[in-house]
Amino acid sequence: MNAVNKTLYIPLYGKAYVSRKGILLDDKKAEEIWAAEGFPLKGRSRSKWLAYYMGIRSAVFDSWLRQKLAGNDEAVVIHIGCGMDSRVLRVGSAGHPWYDVDFSEVIGERKRYYSESADYHMIAGDVRDGGWLANIPETACAVVVMEGVSMYLTLRQLQDLTANLCAHFKQLSLLMDCYSVSAAKLSKYKNPINDVGVTEVYGIDDPMLLQHGGFDFVKEHPMTPKKYIDELHGIEKLIFQKMYAGSFAKKLYRLFEYRKA
């Protein structure tokens, strides 16, 4: 795998770590894959604090997705940059067609652990072009999650991606996490992704930059809701609040929701 693709092992480790501890996520698949792969993470990538953050981030995305699917029987789910994530198992498709999308070599690895079904499909493709969307029927509504993806795309590439999604679906809900511009600059020197060879990432300060036509910014969500931080205890809870949930952290990493109504 190239350096960007190798970053998938960082959240995989985090989800396996918190699942083993019995907090934040019940993710036996992450535990299984991590135990089998044994990818040699080092340095900050294996930090328990980062693992807690990865677990909370995934729990936030899972919760949002469940809310969007409730009562919306016509929606399809698209998980862009799925890596080895088991969101389809944690959330459950509940009869919704579900498409996990990533680079071909990632999907090749993924197929060692996941099997397609009538509702669940894996698509190999580069989201920087729109060709992969041809594998998804043009249905009325899609719910899209992009977790840990936007920072590897330029603003122009993100604008093109959202334009392609809007051209394919009449209605669309999208949740994506983003670095700020400052965080992207800092990431060149101090970021766990450096441990797998990634040094170039991108950030967004103004969520309105992705608005176009009927594709609108809805709101910013908290990255570290209190209910998840409260699953930590004692000194670990206090340290996590300081490192990942304080005012400085909120300036570096943000969570944006968009929709096409």
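We number each residue from 1, following the sequence as shown.
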Fill in: Least distance between heavy atoms, Ile10 atom then Met54 atom
O-CG, 4.3 Å
Worksheet entry | Point-to-point distance, once rounded to the nearest 0.5 Å, from CG of Leu165 to CE of Met146 | 8.5 Å
Worksheet item: Do Ser58 and Glu147 get their side chains close enough for a donor-acceptor pair, meaning under 3.5 Å?
Response: yes
Worksheet entry | Lys/Arg-Asp/Glu bridge criterion (N-O < 4.0 Å) met for Glu37, Arg112 | yes
Practice prompt. Please answer whether the main-chain N or O of Trp98 pairs with a side-chain N or O of Ser93 as donor and acceptor at a distance below 3.5 Å.
Written response: no
Practice prompt. Check whether any side-chain heavy atom of Leu255 lies under 4.5 Å from a side-chain heavy atom of Leu175, and answer yes or no.
Written response: yes
Worksheet item: Do side-chain atoms of Gln157 reach the backbone of Thr154 as a donor and acceptor pair under 3.5 angstrom?
Response: yes
Worksheet item: When rounded to the nearest 0.5 angstrom, what distance separates OG in Ser173 from NZ in Lys68?
Response: 4.5 Å
Item to complete: Might you point out which heavy atoms bring Phe240 and Trp49 nearest each other, and give the distance in Å?
Response: CE1-O, 3.7 Å
Worksheet item: Do the charged groups of Asp230 and Lys237 touch, with an N to O distance under 4.0 Å?
Response: yes
Worksheet item: Checking Glu231 side chain against Leu24 main chain: does a donor-acceptor pair fall under 3.5 Å?
Response: yes
Discussion item. Can you confirm whether or not the ring centre of Tyr99 sits under 6.0 Å from the ring centre of Tyr120?
Written reply: no
Worksheet entry | Check: Tyr17 side chain, Leu12 main-chain N or O, donor-acceptor pair, under 3.5 Å | no
Worksheet entry | Presence of salt bridge, Lys15 and Glu31, under 4.0 angstrom | no
Worksheet item: Between Tyr114 and Ile33, does a side-chain contact (heavy atoms from CB on, under 4.5 Å) hold up when you go through it step by step?
Response: CA-CA 10 Å; Tyr114 296 88; Ile33 298 173; 3.8 Å; yes
Worksheet item: Side chains of Asn72 and Cys141: does their closest heavy-atom pair fall under 4.5 Å?
Response: yes
Discussion item. Contact between Val143 and Ile78 at the side-chain level, heavy atoms closer than 4.5 Å - yes or no?
Written reply: no
Item to complete: Determine yes or no for a side-chain-to-main-chain donor-acceptor pair under 3.5 angstrom, with Ser86 supplying the side chain and Leu89 the backbone.
Response: no
Discussion item. Looking at Asp27 and Lys29, is there a salt bridge between them, counting it only when a charged N and a carboxylate O are closer than 4.0 Å?
Written reply: no
Fill in: Where Ala124 and Ser104 come nearest, the two heavy atoms and their spacing
CB-CA, 3.7 Å
Worksheet item: Is the backbone N or O of Leu158 less than 3.5 Å from a side-chain atom of Thr162, with the two atoms forming a donor-acceptor pair by type?
Response: yes
Practice prompt. Give a yes or no on whether Leu174 and Leu210 share a hydrophobic cluster (residues Ile, Leu, Val, Met, Phe, Trp, Tyr; joining criterion: side-chain heavy atoms under 4.5 Å apart).
Written response: yes
Discussion item. Any carboxylate oxygen within less than 4.0 angstrom of a Lys/Arg side-chain nitrogen, looking at Arg57 and Asp177?
Written reply: yes
Worksheet item: Taking the six-membered ring for Trp, are the ring centroids of Tyr202 and Tyr152 within less than 6.0 Å of each other?
Response: no
Worksheet item: Any link between Leu155 and Leu252 through a network of hydrophobic side chains (Ile, Leu, Val, Met, Phe, Trp, Tyr) touching at under 4.5 Å?
Response: no
Item to complete: State, to 0.1 Å, how close Val101 and Ile107 come at their nearest heavy-atom pair, and which atoms those are.
Response: C-CD1, 4.5 Å
Worksheet item: Given the rule that I, L, V, M, F, W and Y join up when any side-chain heavy atoms are under 4.5 Å apart, are Leu8 and Met176 in one cluster?
Response: no
Worksheet item: How long is the gap from OG on Ser19 to CD on Glu32, to the nearest 0.5 Å?
Response: 11.5 Å
Worksheet item: Applying the 4.5 Å side-chain criterion to the ILVMFWY set and letting contacts propagate, would Val218 and Val145 be lumped into a single cluster?
Response: no
Item to complete: Decide yes or no for Tyr179 and Ile204: does some side-chain heavy atom of the first lie under 4.5 Å from some side-chain heavy atom of the second?
Response: no
Worksheet item: Are any side-chain N or O atoms of Asp85 and backbone N or O atoms of Cys82, one a donor and one an acceptor, separated by less than 3.5 Å?
Response: no
Discussion item. Quiz question: by atom type and distance under 3.5 Å, do the side chains of His221 and Glu257 form a donor-acceptor pair?
Written reply: yes
Item to complete: Report whether Val77 and Met84 are members of the same hydrophobic cluster (ILVMFWY, side-chain heavy atoms less than 4.5 Å apart, transitive linking).
Response: yes
Fill in: Heavy-atom pair of closest approach, residues Tyr258 and Phe215
CB-CZ, 3.3 Å
Discussion item. Any side-chain to backbone donor/acceptor pair from Lys260 onto Cys166? Under 3.5 Å, distance only.
Written reply: yes
Discussion item. Any side-chain to backbone donor/acceptor pair from His168 onto Thr139? Under 3.5 Å, distance only.
Written reply: no
Practice prompt. Check Val91, Leu69, Leu65 against His96 for a side-chain contact (heavy atoms from CB on, under 4.5 Å) and give me the one that passes.
Written response: Leu69
Discussion item. Measuring from atom CZ of Phe256 to atom SG of Cys178, what distance do you get when rounded to the nearest 0.5 angstrom?
Written reply: 5.0 Å
Discussion item. Tell me whether Arg110 is salt-bridged to Asp102, with the criterion being a basic N under 4.0 Å from an acidic carboxylate O.
Written reply: no
Fill in: Ion pair check, Asp100 and Arg87, cut-off under 4.0 Å
no
Worksheet entry | Option passing side-chain contact (heavy atoms from CB on, under 4.5 Å) with Gln241 (candidates Thr224, Ile229, Leu232) | Ile229
Worksheet item: Could you give the distance from CG (Asn164) to CZ (Phe169), rounded to the nearest 0.5 Å?
Response: 11.0 Å
Item to complete: To the nearest 0.5 angstrom, please state how far the CZ atom of Arg90 sits from the CG atom of Leu25.
Response: 5.0 Å
Discussion item. Is it the case that the side chain of Arg254 and the backbone of Asp205 share a donor-acceptor pair, with hydrogens and angles ignored and the cut-off at 3.5 Å?
Written reply: yes
Discussion item. Would you say that Arg128 contacts Leu153 through its side chain, given a criterion of any heavy-atom pair below 4.5 Å between the two side chains?
Written reply: yes
Practice prompt. Show your reasoning for whether ring pair (Phe, Tyr, Trp, His ring centres under 6.0 Å) applies to Tyr52 and Tyr244.
Written response: CA-CA 10 Å; Tyr52 293 154; Tyr244 287 101; 9.2 Å; no
Worksheet item: Nearest heavy-atom pair of Tyr228 and Ser63: which atoms, and what distance?
Response: OH-CB, 3.7 Å
